[in-house]
Amino acid sequence: LPSELRNKIYYMVFSVAPAVIDLDPSTHRIYHRTQLFALFRVSQQIYRETKHHFFSTHTFRIFPTYPGKYFKTKRPLLARLPAHSRESITSLQLRVGPGWNNPPQGWVVNDALGLKDCTSVRTLKVFVECDPSDVIFAGFRKSEGFYERFSANLLESILKEVPSIKVVEFDAY
């Protein structure tokens with residue numbers, strides 16, 4: 001197929017997927033209900049092309065933020081992906097704010113996370129869900145400045161693990 005037509009097909013198939021891929025039950029249902037990955041099973045060549053396209057055009061969240069078992073998991077989505085899939089990822093998201101009074105123990109940058117395999121990542125999107133330094137959170141904080149230091153250390157560790165990152169985008173509510 002000509003590349004123009006192939007890109008249109010990929011867009012039509014993968015446009016159903018959420019903009020940011022994360023561990024949560026709704027994402028799992030979307031993939032199975034729409035048979036999103038059926039294209040992967042057509043042939044080896046199509047599998048290689050579509051896999052690369054999917055992983056290079058979507059943003060993957062580093063640590064899960066969905067409440068419940070996913071939030072406290074020790075194996076985030078990135079760690080569950082095979083190394084050859086992580087190589088195609090071009091955009092990651094770090095969402096800080098959830099768990100500001102007691103961050104999950106699984107929110108650790110280590111070799112098990114698989115960031116060293118993310119050699120194509122060029123963009124890190126940092127989304128600040130809430131700022132616990134606000135006075136409204138006084139009395140609920142673990143300690144003054146704890147979450148800010150925790151978030152800064154997390155960001156610094158990610159940037160050290162993935163030297164291919166060229167752009168860091170910040171966003172917030």
Side-chain angles (χ1 to χ4, degrees), residues 7-40 49-100 103-110 112-132 147 150-173:
N7 288 340
K8 285 182 183 179
I9 291 171
Y10 294 160
Y11 176 76
M12 289 182 343
V13 171
F14 295 133
S15 64
V16 178
V20 178
I21 312 294
D22 189 8
L23 273 180
D24 74 52
S26 65
T27 304
H28 188 263
R29 282 192 298 271
I30 288 171
Y31 294 131
H32 289 287
R33 185 177 59 235
T34 60
Q35 293 293 311
L36 192 65
F37 296 122
L39 191 59
F40 285 9
E49 291 176 13
T50 55
K51 178 186 71 78
H52 176 73
H53 186 273
F54 177 78
F55 285 99
S56 66
T57 57
H58 288 85
T59 301
F60 289 81
R61 190 164 293 145
I62 298 172
F63 299 109
T65 58
Y66 190 84
K69 69 178 184 177
Y70 295 109
F71 185 59
K72 300 281 186 185
T73 186
K74 297 213 189 286
R75 286 193 66 221
L77 177 64
L78 206 57
R80 296 170 190 236
L81 293 173
H84 60 85
S85 296
R86 289 192 296 256
E87 289 172 0
S88 296
I89 295 174
T90 59
S91 178
L92 292 172
Q93 183 192 60
L94 173 63
R95 188 172 184 143
V96 293
W100 57 269
Q105 292 178 350
W107 282 35
V108 181
V109 176
N110 56 22
L113 189 56
L115 284 173
K116 289 209 185 296
D117 298 325
C118 298
T119 55
S120 299
V121 173
R122 299 292 179 261
T123 306
L124 175 63
K125 300 176 181 186
V126 180
F127 186 85
V128 181
E129 191 172 301
C130 73
D131 178 11
Y147 196 75
F150 172 78
S151 299
N153 291 338
L154 213 53
L155 179 59
E156 184 180 354
S157 299
I158 292 168
L159 292 172
K160 283 180 183 175
E161 285 285 314
V162 190
S164 62
I165 293 175
K166 302 292 181 213
V167 177
V168 179
E169 299 175 359
F170 287 91
D171 196 4
Y173 283 131

When rounded to the nearest 0.5 angstrom, what distance separates [atom1] in [X] from [atom2] in [Y]?
X      : Y      : atom1 : atom2 : value
Leu113 : Lys74  : CG    : NZ    : 14.0 Å
Ser151 : Leu94  : OG    : CG    : 7.0 Å
Arg75  : Leu23  : CZ    : CG    : 9.5 Å
Arg95  : Asp171 : CZ    : CG    : 9.5 Å
Leu92  : Arg61  : CG    : CZ    : 11.5 Å

Find out whether [X] and [Y] are in side-chain contact, i.e. whether some heavy atom of one side chain is under 4.5 Å from a heavy atom of the other.
X      : Y      : result
Val96  : Tyr147 : yes
Pro64  : Leu77  : no
Phe127 : Thr65  : no
Leu154 : Phe63  : yes
Ile62  : Trp107 : no
Ser164 : Thr119 : no
Leu155 : Leu124 : yes

Q.
Could you go through Thr73 and Arg80, starting from their C-alpha distance and side-chain angles, then the distance that decides it, and tell me whether this counts as side-chain contact (heavy atoms from CB on, under 4.5 Å)?
A. CA-CA 11 Å; Thr73 186; Arg80 296 170 190 236; 3.1 Å; yes

**Q.** Least distance between heavy atoms, Glu129 atom then Gly97 atom
**A.** CB-CA, 4.1 Å

Q: Identify the heavy atoms of Ser91 and Ile89 that sit nearest to each other, and give their distance.
A: O-CG2, 3.5 Å

Q) How are the rings of Phe60 and His58 set to each other: parallel, tilted or perpendicular (split at 30° and 60°)? A) perpendicular

Q. What residues form a side-chain hydrogen bond (donor to acceptor under 3.5 Å, both in side chains) with Arg86, not counting sequence neighbours?
A. Asp117

Q) side-chain hydrogen bond (donor to acceptor under 3.5 Å, both in side chains) with Ser85: which residues, sequence neighbours excluded? A) none

Q. Just by modelled atom types, is the Ser120 backbone N or O under 3.5 Å from a matching donor or acceptor in the Thr90 side chain?
A. no

